[in-house]
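For reference, the structure discussed in these notes is given below.
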Number of protein chains: 2
Amino acid sequence: MPKSSRKTRSVVTINDVAALAGVSPMTVSRVVNAEKNVRPAKREAVLAAVRQLNYAPNLAARSLAKAEETKIGVIYNNPSAAYLSEFLVGMLDETAGKGAQLVLVKCEAVDEPAERKAVALLLAASVTGVVLPPPLSESDVVRDILKAAGVATVAVATGKARGDLSCVRVDDNRAAFEMTQRLLELGHRRIGFITGHPNQTASAERLQGFRQAMAGAPDAQSQVVQGYFSFASGLTAAEELLDGPLPLTAIFASNDDMAAAAVSVAHRRGLDVPRDLTVVGFDDTAVATTLWPPLTTVRQPVSAMAAAAIDLLLTEIRARKDGAPPRPVDRVTPHTLIERQSSGPAPRA
Amino acid sequence: MPKSSRKTRSVVTINDVAALAGVSPMTVSRVVNAEKNVRPAKREAVLAAVRQLNYAPNLAARSLAKAEETKIGVIYNNPSAAYLSEFLVGMLDETAGKGAQLVLVKCEAVDEPAERKAVALLLAASVTGVVLPPPLSESDVVRDILKAAGVATVAVATGKARGDLSCVRVDDNRAAFEMTQRLLELGHRRIGFITGHPNQTASAERLQGFRQAMAGAPDAQSQVVQGYFSFASGLTAAEELLDGPLPLTAIFASNDDMAAAAVSVAHRRGLDVPRDLTVVGFDDTAVATTLWPPLTTVRQPVSAMAAAAIDLLLTEIRARKDGAPPRPVDRVTPHTLIERQSSGPAPRA
DNA sequence: CGTAGTCTTGATAGCGCTAACGTCCCTGTC
DNA sequence: GACAGGGACGTTAGCGCTATCAAGACTACG
C-alpha cells in the first residue's frame with residue numbers, strides 16, 4: 001500500500017516501464033533518449049515495454065531534471081496571416097517534442113519604441129532565446145538589445161546572412177533569378193518588376209536576382225518600380241508599370257500580395273491573365289490560391305524554416321550554457337518554383 | 001559550500017525569494033499563486049522580494065509538482081490561414097502562463113479516414129484534452145472517438161450549442177441578423193445572400209439570422225443562393241445572384257472569401273462597390289482588408305475564443321481528475337459589426 | 001591467468017515546486 | 001480564564017525524470 005498522499009497519477013511513468021522491462025529507470029531513460037552504450041537485448045526489452053504501456057515521457061519532469069527550462073520568445077508583426085500561421089505551426093511542431101515554451105509578443109508598429117517595448121516584454125518574461133520572423137529579423141535595434149542581454153537569437157528570412165546572428169533563410173537572389181529565367185523561357189521579353197519594401201534586405205536580393213537573369217538575355221527589356229509589400233502599394237506600382245512606355249507581357253512582383261494587386265489592375269483594364277499578361281509573385285501565401293487565376297510563385301518552406309530556427313536556437317542555448325562562444329550559423333533552405341495559372345507563354349508580338 | 005554536483009542553476013528560485021523575504025518557500029508559493037490566507041505584511045515582503053529578484057516561477061517544476069501534465073491536442077484543417085494564425089496566437093497566449101503543451105495535428109481532408117487518422121495521432125501522443133477549431137468542431141466522427149477515449153474536448157465556432165460537448169462560439173444567428181438590419185437601415189431592399197457550406201451549422205444559423213431580419217421588413221425582397229465558403233464557390237454564387245431576376249443593391253456573403261469573390265464579380269461587370277452594389281462578409285479575416293474596397297464584415301474574437309477554449313478545457317480536465325462528471329459548457333462570445341468601405345447606402349431606385 | 005582498460009548498469013541525489021498535514025497563535029464565547 | 005474554532009505559516013515528502021558516480025561485467029593483452 002503506497003503511503004503517498006499525493007494526487008494519484010494515472011499515466012505510466014518511467015518506473016512502470018523499468019519494472020516491466022526488468023531494468024532500472026536509468027536504463028529506460030538511456031534508451032528513450034537514444035543514448036548508446038546500452039546492450040541490444042536490454043534496449044529491445046525496454047522498447048517492447050514502452051510500446052506495451054504506450055509510455056510517453058513527462059516533459060515537465062524531463063526539463064526539470066535537465067535543468068533546462070527553455071522559454072523561447074517570438075516577436076511577430078503579422079507580416080501576413082498566412083505566413084504567421086504556417087510559421088507558428090512549424091515552431092510548435094518542433095517545440096512540442098523538445099519541451100520548449102513559446103512566448104509570443106506582438107509588435108504592432110515597426111518603429112523603434114514599439115520594438116523596444118516588445119523586446120522588453122520578452123526579457124521581463126526571462127526568455128532564454130528569441131526567434132525573429134520577418135520583418136523584425138532585420139531590426140538592428142532588436143538585435144542589439146538582445147545581444148546586450150545575452151539572449152540567443154535566430155533571425156528568419158533575412159535577405160542575406162548576417163555575420164553576427166544565426167539565420168534561416170532561402171536564397172532570395174537565386175529564387176528570383178530562377179523565376180525570371182522561367183519567364184524568359186516562356187518567351188517574355190518585356191518584363192516589369194515590383195520591388196519589395198526597401199527596409200528588408202530580401203527586397204534587394206530579389207531585385208538583384210531579377211537583374212542578373214535579365215542581364216543574361218540582351219534582347220529583353222525591363223522596368224522596375226518601387227513597391228512596399230502591401231496590396232495597396234502593388235496597385236499603384238502595377239498602374240505605373242502598365243502606364244509606362246514599355247508594353248509589358250509579364251509582371252514579377254516581389255510578393256504575392258502585390259502580385260494579387262497586379263492581377264486586380266490587369267482585370268480592371270480588361271487584360272486577361274495570363275493570356276495578355278503574365279503575373280508572378282513570391283512567397284506562396286494563401287492569396288496565391290485564393291485568387292483567380294491562382295498565382296505562379298516561389299514557395300518558401302516556411303514551416304520547415306520555423307522548425308529549423310527553433311532547432312538552431314536550442315542548439316545555441318545549449319552551447320552557451322556549456323560556455324561555448326556564440327557561433328552564428330547561416331542555414332539556407334531550398335525554395336520551389338510553383339507554376340499555377342497566372343503565368344503563360346508571352347503573347348505573339 | 002553546496003554539495004550539489006548538478007548543473008549550476010543561474011536563475012532565481014522560490015528559495016531565493018523565500019530567503020530574501022524571510023519566509024518559507026511555501027509562503028512564497030502561496031503568494032505567487034494568489035492564495036488567500038497570507039497576512040498582508042508577509043505578502044508585501046514576498047512581492048517585494050519577487051520584484052527585486054525578478055523571480056519567475058519554473059513552469060516545469062510547477063506542473064510536475066501539481067502532477068498536472070496537460071497536453072492539449074489541436075486538429076486543424078486550415079480553414080483559412082488568417083483564422084488559424086489568430087487562433088494559434090490565442091491558444092499560445094493562454095497556454096504560456098498555464099504550462100500546458102500544444103500538440104498540433106493537421107487533418108488534410110475532411111473525410112472520415114483523415115479525421116480518424118488525425119484523432120489517432122493525438123491519442124497516440126496521449127493528450128488529455130482536445131480543441132476542435134472549425135470545421136472539425138462539427139465532426140461527429142471526431143467527437144465520438146474522443147468521447148469513447150474519455151478525452152476532454154472543446155469545440156470552437158459551432159453554429160449552435162452542442163449538448164454533449166463544451167463549445168465556444170459567437171451568436172451567428174444574431175450577428176447575421178444585425179448585419180442584415182444594418183443593410184436595411186442603409187436603405188437596401190433587394191438583398192442577395194450567399195450561404196455557407198451546408199456541413200457547418202453556422203451556415204444555417206447565419207441564413208436564419210438573415211431571414212429573420214428580412215422578415216421584419218415586408219417591403220424588402222431577397223434571393224438566396226448556395227455557397228461553400230470558398231472563393232471559387234463565391235464567384236459562381238455571385239454570378240448567379242447578379243444574373244437573377246432581382247436587381248440587387250446588396251450582397252451578404254456568409255464569409256469574407258465569398259464576399260471577396262462577389263466584389264471581384266461586381267468589378268468585372270463594371271459595378272462600383274459600394275456605389276452600385278454593397279457587399280458585406282462575415283469573419284473579418286485578412287482578405288477583408290487586403291481587398292479593395294475593404295470589406296464591411298462581422299468580426300469574431302478569434303483569439304479570445306481560442307483562449308477561452310483552452311481555459312474551458314483546462315477546467316474540464318481538472319474537474320475530470322476530481323472525478324466530476326463532464327458538464328458541457330456553452331460559451332458565447334461577443335461579435336462586432338465592422339463597417340468598412342464595401343458598404344454604403346442603397347442607390348436611388 | 002591477472003590486470004588495466006572499456007562498456008554497461010544501477011544507486012543515489014536532486015531539479016523547483018506544491019499537496020498534505022502539523023503546529024502555533026489569534027480570536028470569540030461562555 | 002478555559003476552550004473550541006479557525007487562520008497563518010512551516011515541515012515533510014514527493015511529482016517523474018536525469019546527472020553523476022560507483023560498481024559490476026566484459027575485453028584485450030602480456
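First the proteins, then the strands, lettered A, B, ... as listed; each starts at 1.
Between A/D330 and A/R169, some side-chain heavy-atom pair lies under the 4.5 Å cut-off.
Not one N or O on the side chain of B/T153 forms a donor-acceptor pair closer than 3.5 Å with the backbone of B/V130. Remark: side-chain polar atoms of A/S303 are not paired, donor with acceptor, to backbone N or O of A/F87 under 3.5 angstrom. Side chain of A/R143 to main chain of A/A155: no donor-acceptor pair is present (N/O by atom type, distance under 3.5 Å, no hydrogens or angles). Counting only distance, with no hydrogens or angles, the side chain of A/T95 and the backbone of A/Q101 share no donor-acceptor pair below 3.5 Å. A distance-only check finds no donor-acceptor pair linking the side chain of A/T158 to the backbone of A/E138 [under 3.5 Å]. Looking at A/D93, its side chain never comes within 3.5 Å of a backbone N or O of A/G90 through a donor-acceptor pair.
Between the CD1 atom of A/I72 and the CD1 atom of A/I317 there is a distance of 5.0 Å, given to the nearest 0.5 Å. Going from atom CG of B/N58 over to atom NZ of A/K71 covers 9.0 Å, rounded to the nearest 0.5 Å.
Rounded to an integer number of Å, the gap from NZ of A/K66 to C1' of C/dG16 is 17 Å. The nearest whole Å value for the distance from the CD1 atom in B/I14 to the P atom in D/dG14 is 19 Å. Protein atom CG of B/N15 is 13 Å distant from nucleotide atom C1' of D/dT11, rounded to whole Å. C/dC15 atom C1' lies 16 Å from atom CZ of B/R62, rounded to whole Å. Counting to the nearest Å, the P atom of D/dT18 and the CG atom of A/L64 are 11 Å from each other.
For the OP1/OP2 pair of C/dG10 and a distance below 4.0 Å, the side-chain nitrogens and oxygens of A/S24 include at least one atom meeting the criterion.
Between the axis at the start and the axis at the end of the helix from C/dC1-D/dG30 to C/dC30-D/dG1 there is an angle of 40°, using five pairs per end and rounding to 10 degrees.
For residues 25-32 of chain A, proximity to DNA chain D is found at A/M26, A/S29, defined as any non-hydrogen atom under 4.0 angstrom from a strand atom. Less than 4.0 Å separates DNA chain C from at least one heavy atom of each of the following residues of residues 45-61 of chain B: B/Y55, B/P57, B/N58, B/A61.
Look at A/R162 and A/D140 and you find a salt bridge, because one of the NZ, NE, NH1 or NH2 atoms lies within 4.0 Å of a carboxylate O, short of that distance.
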Check residues 23-44 of chain B and write down every donor-acceptor pair under 3.5 Å in which the side-chain atom is one partner and the other belongs to a residue at least two apart or another chain.
unit_1: B/S24; atom_1: OG; unit_2: B/M26; atom_2: N; d: 3.3
unit_1: B/S24; atom_1: OG; unit_2: B/T27; atom_2: N; d: 3.3
unit_1: B/S24; atom_1: OG; unit_2: B/T27; atom_2: OG1; d: 3.4
unit_1: B/S29; atom_1: OG; unit_2: B/N33; atom_2: ND2; d: 3.4
unit_1: B/N33; atom_1: ND2; unit_2: B/S29; atom_2: O; d: 2.8
unit_1: B/R43; atom_1: NH2; unit_2: B/E35; atom_2: O; d: 3.0

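Comparing atom distances between the B/E35 side chain and each of D/dT11, D/dC15, C/dA19 picks out C/dA19 as nearest.
When every heavy atom of A/L312 is checked against every heavy atom of A/C167, the shortest pair comes out as CD1-O, 4.3 Å.
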Atom pairs, protein N/O to nucleotides 4-8 of chain C N/O, distance under 3.5 Å:
unit_1: C/dT8; atom_1: OP2; unit_2: A/N37; atom_2: OD1; d: 2.6

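Contacts classified as salt bridge (Lys or Arg N to Asp or Glu O under 4.0 Å) and involving residues 94-104 of chain B (residues at least two apart or in different chains) are given here: B/E94-B/K98, B/K98-B/D311.
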